[in-house]
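All chains are named by letter (A, B, ...) in the order of the sequence lines, taking the proteins before the strands, and each is independently numbered beginning at 1.
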Amino acid sequence: MKSEPSAYGIDDLQREKTTIWDGVRNYQARNILGEMKKGDLAFFYHSNCKPPAIVGLMEIVETSIVDPTQFDRTSPYFDPKATPEKPRWHTVKVKFREKFAQSLSLEILKKNFNPEDFLVVKKGNRLSVMPVNNAVAKAIIDLI
DNA sequence: GCCAACGTTGGC
DNA sequence: GCCAACGTTGGC
C-alpha cells in the first residue's frame, strides 16, 4: 500500500497506531482493498520520494469501511457522485506493526524481483494498492 | 521539471 | 462504443 511520506508516512502511522486508509480513488485499487481480510498483513510503501521504498509492515484490522472523505466537500477526495445511501468508496483500517530497521528501496526490489512476480517493480504501474503473493512477501521479509 | 504510462471524461 | 483530449501518478 503506497503513500507519499510528505502526506502520510510510516512515522505518522507509528504515532497514531491505526488509520483509515482513505483517499483511494481508483477502482482497481478499491477492488483490491475490498478483497482484504481482517488480520491480513500489508507492506507500507513510500512513493514519490527519495528513495521510493518499502518501509514497514501493517495489519488490516477492519474491512469494508465507508471512506468518509468522499462526502467531505473540503477534502481533495470529495466525490460529488457519492451519497451516504450509495457510497462509492470503501477502504480498510490498518494498524502499525513494524517500521523496518532498514527500508527496501525500489532499486533493491528491482534487483530481487521480476515485474511478473511483483507489480511494484513493473514500469509504469501507478496503482496505489497492489497484491503481493506469499512467496514474494516471504522473500521481501528475508531481505530485511 | 520531465515525461511515460496510465485512467477518466465527454463529444460524437 | 470509440477515441481524442486531458489529468494524474510517480520514477527519474
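Partners of A:Gln28 under the side chain to side chain donor-acceptor pair (under 3.5 Å) rule, at least two apart in sequence or in another chain, do not exist in this structure. For A:Asp12, the side chain to side chain donor-acceptor pair (under 3.5 Å) partners are A:Arg15, not counting sequence neighbours. Remark: A:Thr69 pairs with A:Arg25, A:Asp67 by the side chain to side chain donor-acceptor pair (under 3.5 Å) rule, at least two apart or across chains.
Taking atom CE on A:Met130 and atom C1' on C:dG11, their separation rounds to 12 Å, with Å as the unit.
Looking at heavy-atom distances under 4.0 Å, A:Lys110 makes contact with sugar-phosphate atoms alone, never a base.
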Sequence neighbours excluded and cut-off under 3.5 Å, please list the side-chain donor-acceptor pairs for residues 81-88 of chain A, or say none.
| unit_1 | atom_1 | unit_2 | atom_2 | d |
| --- | --- | --- | --- | --- |
| A:Thr83 | OG1 | A:Lys86 | N | 2.9 |
| A:Arg88 | NH1 | A:Asp79 | OD1 | 3.3 |
| A:Arg88 | NH1 | A:Asp79 | OD2 | 2.7 |
| A:Arg88 | NH2 | A:Tyr27 | OH | 2.7 |

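Within the structure, the ring-ring contact (aromatic ring centres under 6.0 Å, His included) test picks out the following pairs touching residues 30-49 of chain A (sequence neighbours left out): A:Trp21-A:Phe44, A:Phe44-A:His46.
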(Q) Using a 4.0 Å heavy-atom cut-off to protein, can you give one letter per nucleotide of nucleotides 1-9 of chain B, 5' to 3': B if the base is in contact, S if only the sugar-phosphate is, - if neither? (A) ---SBBSS-
